[in-house]
Amino acid sequence: MIEFYQGTPESVIERLCRTISNFDQSWFEKCVPASDEQIRQLKNICGQYGYSAPKVYLDYLMAMGENDGGLLEREWDGYMEPGVHCILEQFAEEDSDAREHLRQGLLLFSYHWTDSHCYLNVSKAEDNPVIIDREKRYFAGSFEKYLFQKAFNIYQEKFEYQSSVGTSINSCDAILKQYSFPCSTRGGTAEEKMAFARWLVTSLGLREEEAWFGDALHFFSYNAHYALQINLHHSLLLVFSCDDRMQKKKIDSTLRRLFQ
């Protein structure tokens, strides 16, 4: 049974590395740490605006800040750039967007060419802060959870078969209403969509306990035979992976019935 380790005396990064090494032994060999000078520069930039870089992020930089083996680039279209050299480049100009956001307590840690960046909310001086998107909306429960969510993506890629279904905001609204779930805002609130996601998991016949690294917008369930994730950030995106062709056919049939 694969385990995404939690709650041990190890650091977040040590647990992350031990977890991924269970299903991808070559991953950590590709990781390259940030240099002491790069980390010093980032700390100094944060200090200029009265903030400190969170400990869990510094640990990440010290282990894989220059190259994290493709871990965080998996967001959106797979072209995020979390490398510290890229992040420092965004702070090079005094009037840069990265500096303007940092003035507001948001530290850029993952860059995308379309401006779909990810930020650490450093305004509250927490060691493991919430992640915010470019529109200052909640994106992930903490940097630790986000790291393990991206590790889950690596795990999910190891399975042979995959099924997925996604909705637009309007169709998500219609789906919620179709199955008698509250829909107090267009597309439903995070709480309303999560209630539907948990019902959906039961409807698929998957009763595994929720993974600890889920949060208000992400549901994860897995064992040695399957991996399921449901992303509710925009509307609803479900991805199911397994090695059993018959199980995939059963899931496909249920998804078609539920989302027809």
Sidechain N-carboxylate O distance under 4.0 Å for K158, D24: yes

On the 0 to 90° scale, with breaks at 30° and 60°, tag the F23-F4 ring pair as parallel, tilted or perpendicular. tilted

With a 3.5 Å cut-off and no angle check, do the side chains of S110 and E81 form a donor-acceptor pair? no

Quick one: pull up CG in L206 and OG in S221 and give me the separation to the nearest 0.5 Å. 6.0 Å

Side chains of Q229 and Q156 in contact at under 4.5 Å (non-hydrogen atoms): yes

Indicate whether the side chain of E37 and that of S35 have a donor and an acceptor atom separated by less than 3.5 Å. no

How far apart are the closest heavy atoms of P182 and L176, and which atoms are they? O-CD1, 4.2 Å

Is there side-chain contact between L217 and F139, with at least one heavy-atom pair below 4.5 Å? no

Going only through I, L, V, M, F, W and Y residues with side-chain contacts under 4.5 Å, is there a path from I154 to W212? yes

Worked check of side-chain hydrogen bond (donor to acceptor under 3.5 Å, both in side chains) between D243 and Y161: CA-CA 6 Å; D243 285 329; Y161 302 112; over 6 Å; no

Is the shortest heavy-atom distance from the side chain of I230 to the side chain of L238 under 4.5 Å? yes

Just wondering, more than 12 heavy atoms not from E135 lying within 6.0 Å of its CD? yes

Between the side chains of N121 and S123, is a donor N or O closer than 3.5 angstrom to an acceptor N or O? yes

Within the 3.5 Å criterion, strictly below it, is a donor on S11 or D59 matched to an acceptor on the partner's side chain? no

Would you call R245-E160 a salt bridge at under 4.0 Å N-O? no

Taking every non-hydrogen atom, the tightest pair across K193 and H233: NZ-O, 4.3 Å

Which heavy atom of L106 sits nearest to which heavy atom of K136, and what is that distance? CD1-CG, 3.8 Å

Distance alone, cut at 3.5 Å: any donor-acceptor contact between the side chains of D215 and Q149? yes

Measure up the Y155 and F159 rings against each other and bin them: parallel (under 30°), tilted (30 to 60°), perpendicular (over 60°). perpendicular

Taking every non-hydrogen atom, the tightest pair across S235 and C172: CB-CB, 4.0 Å

Heavy-atom side-chain contact between N170 and R186 under 4.5 Å: yes

CA sep, side-chain torsions, deciding dist, call: C46, L107, side chain to side chain contact (heavy atoms under 4.5 Å, CB included): CA-CA 8 Å; C46 290; L107 173 60; 3.9 Å; yes

From CG (D252) to CD (Q247), nearest 0.5 Å: 10.5 Å

Is it possible for you to say whether V32 and L58 belong to one hydrophobic cluster, with membership spreading through side-chain heavy-atom contacts below 4.5 Å? no

Before giving the answer on side chain to side chain contact (heavy atoms under 4.5 Å, CB included), spell out for Q38 and H85 the whole-Å C-alpha distance, their side-chain angles and the decisive distance to 0.1 Å. CA-CA 8 Å; Q38 288 172 320; H85 64 281; 4.1 Å; yes

NE2/H101 to CZ/F91 distance, rounded to the nearest 0.5 angstrom? 10.5 Å

With the 4.5 Å side-chain cut-off for hydrophobic clustering, are L255 and V239 part of the same group? no

Do F143 and V130 have side chains that get closer than 4.5 Å, going by heavy atoms? no

Using only atom types and a distance under 3.5 Å, with no angle test, would you say the side chain of T189 pairs donor to acceptor with the backbone of T185? no

Heavy-atom distance under 4.5 Å between the side chains of L16 and L71, does that happen here? yes

Look at the side-chain heavy atoms of Ile, Leu, Val, Met, Phe, Trp and Tyr, link any pair under 4.5 Å apart, and say whether L237 and L200 land in one connected group. no

Fit a plane to each ring of Y119 and H117, take the angle between them on a 0 to 90° scale, and name the class: parallel (under 30°), tilted (30 to 60°) or perpendicular (over 60°). perpendicular

Sequence neighbours left out, what passes ring pair (Phe, Tyr, Trp, His ring centres under 6.0 Å) with F196? Give chain and number order. F181, W199

Check whether NZ of the Lys or CZ of the Arg R18 lies under 6.0 Å from the centre of the six-membered ring of Y5 and within 45 degrees of that ring's axis. yes

Quick one: closest heavy-atom pair of D77 and W113, and the distance? OD2-NE1, 4.0 Å

Basic-acidic side-chain contact under 4.0 Å: K177, E192: no

How many angstroms lie between atom CH2 of W27 and atom SG of C17, to the nearest 0.5 angstrom? 4.0 Å

V165 vs L258, test: side chain to side chain contact (heavy atoms under 4.5 Å, CB included). Steps then yes/no. CA-CA 10 Å; V165 63; L258 293 172; over 6 Å; no

Linked, directly or transitively: M62 and L72 (ILVMFWY side chains, under 4.5 Å): yes

Under 30°, 30 to 60°, or over 60°: which ring-plane class applies to F240 and Y226, parallel, tilted or perpendicular? parallel

Applying salt bridge (charged side-chain N to carboxylate O under 4.0 Å, His left out), run through K150 and E73 and close with a yes or a no. CA-CA 9 Å; K150 297 302 106 180; E73 72 182 26; over 6 Å; no

Atom pair CD1 (I39) and CG (L88), whose distance is rounded to the nearest 0.5 Å: 10.0 Å

Mind checking whether F220 and F148 have side chains closer than 4.5 Å, heavy atoms only? no

Output the rest of the hydrophobic cluster of Y79: all Ile, Leu, Val, Met, Phe, Trp and Tyr residues reachable through side-chain heavy-atom contacts under 4.5 Å, sorted by chain and number. none

Between D36 and R40, is the closest basic N to carboxylate O distance under 4.0 Å? no

Take D244 and K250 through the side chain to side chain contact (heavy atoms under 4.5 Å, CB included) test and state the conclusion after the steps. CA-CA 10 Å; D244 186 330; K250 181 180 178 180; over 6 Å; no

Under a plain distance cut-off of 3.5 Å, with no hydrogens placed, do Q48 and R99 share a side-chain donor-acceptor pair? yes

Answer yes or no: is there a side-chain heavy-atom contact under 4.5 Å between F28 and M64? yes

Can you sort out the partners of E210 under side chain to side chain donor-acceptor pair (under 3.5 Å), two or more places apart, ordered by chain and number? R198

So which heavy atom on L108 is nearest to which on A98, and how close? CD2-CB, 4.2 Å

For the pair E144 and R15, find out whether any cationic side-chain nitrogen is under 4.0 Å from an anionic carboxylate oxygen. yes

Any ion pair linking K124 and E126 (charged N to carboxylate O, less than 4.0 Å)? no

Within the side chain of T254, is there an N or O that forms a donor-acceptor pair under 3.5 Å with the backbone of L204? no

Check: I45 main-chain N/O paired with Y51 side-chain donor or acceptor under 3.5 Å: no

Nearest 0.5 angstrom please: Y138 OH to I131 CD1, how far? 9.5 Å

